[in-house]
Engineer: 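A single structure is presented below for examination.
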Amino acid sequence: MAGMKRADVVVVGGGVNGASTAYHLAARGVKNILLIERKHLAAGATGKSGSLVRMHYTNEAESRLAFESLKIFRDFRNIVGGDCGFEPIGFLQIVPPGYEEALIRNVARQQRLGIATEAIAPDRVRDLLPGARVDDIGAAAWEPDSGFADPNATTFAFADAAQRLGVTLETGCEVTRIVTERGRVTGVETSAGPVAAPAVVLVPGAWATSLLAPLGLDFGLAPYRIQISIFRWPAGFNARHCVVIDAVHHSWLRPEGSATTLIGVELGVAHADPDRFDEGVDPDFVAICRKALAARLPVFGEATMRGGWAGMIMMSTDGRPIIDQIPSIAGLYCMLGDSGTSFKTSPAIGRCLAEWIVDGKPRTVDLTPFRSTRFAEGRPWQDDDNYGRERLTISR
């Protein structure tokens with residue numbers, strides 16, 4: 001159609017995975033890329049992420065994505081440009097009694113990939129996390145090179161780098177429909193008019209359903225409201241602690257700034273409308289977080305609550321992301337239903353999607369385990385060496 005806007009690739013969603021994909025496509029030489037975001041960059045789950053950067057997963061595929069991403073986080077300024085706020089303060093995975101052997105197998109799997117990690121005895125946790133209670137710990141793993149980053153800064157830096165390479169960013173614009181003809185993508189309809197494109201990358205977070213349903217795609221995705229609380233360090237607590245995932249108390253925590261700690265707990269989530277939800281933190285969730293934090297670091301039992309927030313994630317039925325080229329629709333690529341855990345893997349996810357579009361297949365990591373068809377095949381993702389909660393429900 002004469003006068004219609006055209007692109008070689010349209011990326012739908014301006015979170016960290018969308019921005020990473022746009023950047024990596026441009027870095028691979030794709031010229032006419034349009035990234036469309038309904039609000040502003042990092043407006044969805046990305047901006048509210050706990051933003052942990054850790055390699056410890058209970059499966060090899062996600063550890064591979066995280067490790068390839070760590071290589072970028074560690075040298076972000078030279079590879080991408082700008083500042084992602086990465087702080088390698090170390091990461092501690094704690095598991096309850098009964099899961100010692102599972103942790104040892106997971107650590108060995110990660111070591112074979114080249115990840116710097118080791119299984120440690122509970123007594124050493126006290127050295128790495130001063131003031132911690134350790135009598136309820138079965139085992140732990142330590143990653144000295146891991147830590148956390150700034151999710152907003154990472155997104156902005158990917159977007160800035162993409163723009164320097166010629167990517168067009170259109171914020172405040174909503175994609176309302178994916179247009180297809182005879183089983184392949186031909187473009188998108190947006191609130192600012194149609195765009196013709198032979199390839200579309202769908203990374204819309206909690207806003208995926210309205211775009212998938214008209215295409216006859218139903219992966220069982222559900223939007224969830226997730227929360228984070230912030231506590232001021234109590235009197236006498238001055239050590240900037242490492243990042244922790246505590247499978248005993250189903251929580252994660254990391255420092256924020258110079259005197260506060262962020263904590264999320266794998267409780268208190270619920271289905272919610274991504275267009276109408278409370279961005280604040282619930283009082284009962286604050287109490288749950290204080291209890292979990294004090295259970296590991298008793299001095300925090302009298303810590304002052306300093307804030308918190310809620311964001312929207314999209315849960316898949318098995319808690320793992322869908323990263324795929326949709327088999328029934330040529331030219332449609334996606335990263336969906338990541339359950340809030342794909343900040344740390346976003347550099348590698350973006351690279352893999354760019355490789356898929358440019359080279360015909362992802363090269364950095366095999367994405368077969370993340371295929372969209374696993375649910376229809378009756379083979380949802382299951383990790384044999386999980387720590388008692390197979391399904392993830394928090395942004396970490």
Side-chain angles (χ1 to χ4, degrees), residues 7-28 30 32-49 51 65 69 72 80 82 84 149-176 178 185 188 190-191 195 197 199-208 210-212 221 274 311-314 321-326 331-358 362 367 370 395:
D8 292 326
V9 183
V10 172
V11 179
V12 181
V16 69
N17 280 281
S20 171
T21 301
Y23 161 74
H24 280 102
L25 281 166
R28 294 298 305 271
V30 180
N32 187 7
I33 303 163
L34 175 61
L35 186 153
I36 304 175
E37 162 55 44
R38 58 191 294 277
K39 295 182 76 174
H40 54 81
L41 291 173
T46 291
K48 305 295 182 64
S49 172
S51 59
L65 282 175
S69 296
I72 296 176
V80 179
C84 68
D150 180 329
N152 293 279
T154 303
T155 307
F156 302 160
F158 269 132
D160 286 346
Q163 286 182 294
R164 288 194 298 272
L165 293 172
V167 173
T168 300
L169 264 60
E170 194 160 335
T171 56
C173 178
E174 185 171 4
V175 173
T176 55
I178 309 298
V185 163
V188 297
T190 81
S191 55
V195 181
V200 171
V201 185
L202 201 52
V203 203
W207 291 265
S210 63
L211 297 173
L212 294 171
L221 302 175
M312 291 298 305
I313 64 170
M314 189 65 111
I322 297 166
I323 314 171
D324 206 354
Q325 190 281 307
I326 302 299
L332 182 60
Y333 301 80
C334 69
M335 201 292 284
L336 303 165
D338 75 304
S339 307
T341 68
S342 292
F343 168 76
K344 68 193 66 60
T345 50
S346 60
I349 289 172
R351 178 186 284 174
C352 286
L353 287 169
E355 290 168 346
W356 211 334
I357 292 167
V358 175
L367 297 181
F370 302 95
S395 177

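Predicted model only: the values in this text are computed from it and were never measured. Just so you know, residue 1 is the first one in the sequence shown, and it goes up from there.
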Engineer: Take Gln163 and Leu169 through the side chain to side chain contact (heavy atoms under 4.5 Å, CB included) test and state the conclusion after the steps.
Structural biologist: CA-CA 7 Å; Gln163 286 182 294; Leu169 264 60; 3.7 Å; yes

Engineer: To the nearest 0.5 Å, tell me how far Met314 CE sits from Ser339 OG.
Structural biologist: 10.0 Å

Engineer: Can you measure from CD1 (Ile357) to CD1 (Ile33) and round to the nearest 0.5 angstrom?
Structural biologist: 8.5 Å

Engineer: Which value, rounded to the nearest 0.5 Å, describes the distance between Ile178 atom CD1 and Cys334 atom SG?
Structural biologist: 11.0 Å

Engineer: Can you pull out every salt bridge (Lys or Arg N to Asp or Glu O under 4.0 Å) where at least one residue sits in residues 14-26? Sequence neighbours excluded, please.
Structural biologist: none

Engineer: What is the minimum heavy-atom distance between Gly337 and Leu221, and which atoms define it?
Structural biologist: CA-CD2, 3.7 Å

Engineer: Name all residues meeting the side-chain hydrogen bond (donor to acceptor under 3.5 Å, both in side chains) criterion together with Asp324; count only those two or more places apart in sequence or in a different chain, and write none if there are none.
Structural biologist: Ser372

Engineer: Taking all heavy atoms of Tyr333 and all of Ala199, pick out the closest pair and write down the distance.
Structural biologist: CE1-CB, 4.5 Å

Engineer: Whether the side chain of Thr171 engages the backbone of His40 through a donor-acceptor N/O pair (distance < 3.5 Å, no angle test) should be reported.
Structural biologist: no

Engineer: What heavy-atom pair brings Pro204 and Leu336 nearest, and what distance separates the two atoms?
Structural biologist: CD-CD2, 3.7 Å

Engineer: When you compare the side chain of Asp338 with that of Ile313, does any pair of heavy atoms fall below 4.5 Å?
Structural biologist: no

Engineer: Test side chain to side chain contact (heavy atoms under 4.5 Å, CB included) on Leu212 and Leu202 and set out the steps.
Structural biologist: CA-CA 9 Å; Leu212 294 171; Leu202 201 52; 3.7 Å; yes

Engineer: For residues 153-162, which side-chain N or O atoms pair as donor and acceptor with protein atoms under 3.5 Å away, sequence neighbours left out?
Structural biologist:
from: Thr154; atom 1: OG1; to: Cys84; atom 2: O; distance (Å): 3.2
from: Thr154; atom 1: OG1; to: Asp150; atom 2: O; distance (Å): 2.7
from: Thr155; atom 1: OG1; to: Pro151; atom 2: O; distance (Å): 2.8

Engineer: Not counting sequence neighbours, which residues clear salt bridge (Lys or Arg N to Asp or Glu O under 4.0 Å) with Arg164? List them please.
Structural biologist: none

Engineer: If you compare all heavy atoms of Met312 against all heavy atoms of Ala45, which two are closest, and at what distance to 0.1 Å?
Structural biologist: O-CB, 3.2 Å

Engineer: Under the salt bridge (Lys or Arg N to Asp or Glu O under 4.0 Å) rule, collect the residues that match up with Glu355, sequence neighbours excluded.
Structural biologist: none

Engineer: Might you point out which heavy atoms bring Ser210 and Trp207 nearest each other, and give the distance in Å?
Structural biologist: OG-O, 3.9 Å

Engineer: Do you know the tightest heavy-atom contact between Ala7 and Asn32?
Structural biologist: CA-ND2, 3.3 Å

Engineer: When rounded to the nearest 0.5 angstrom, what distance separates CZ in Arg351 from CG in Leu65?
Structural biologist: 11.0 Å

Engineer: Would you compute the distance between atom CD1 of Ile349 and atom NZ of Lys344 and round it to the nearest 0.5 angstrom?
Structural biologist: 9.5 Å

Engineer: In Å and rounded to the nearest 0.5 Å, what is the CG to CG distance from Leu35 to Leu41?
Structural biologist: 7.0 Å

Engineer: Please list, one pair per line, the donor and acceptor atoms closer than 3.5 Å that link side chains of residues 11-23 to other protein atoms, with sequence neighbours excluded.
Structural biologist:
from: Asn17; atom 1: ND2; to: Ser342; atom 2: O; distance (Å): 3.4
from: Ser20; atom 1: OG; to: His24; atom 2: ND1; distance (Å): 3.3
from: Ser20; atom 1: OG; to: Ser346; atom 2: O; distance (Å): 2.8
from: Thr21; atom 1: OG1; to: Asn17; atom 2: O; distance (Å): 2.8
from: Tyr23; atom 1: OH; to: Ile79; atom 2: O; distance (Å): 3.1

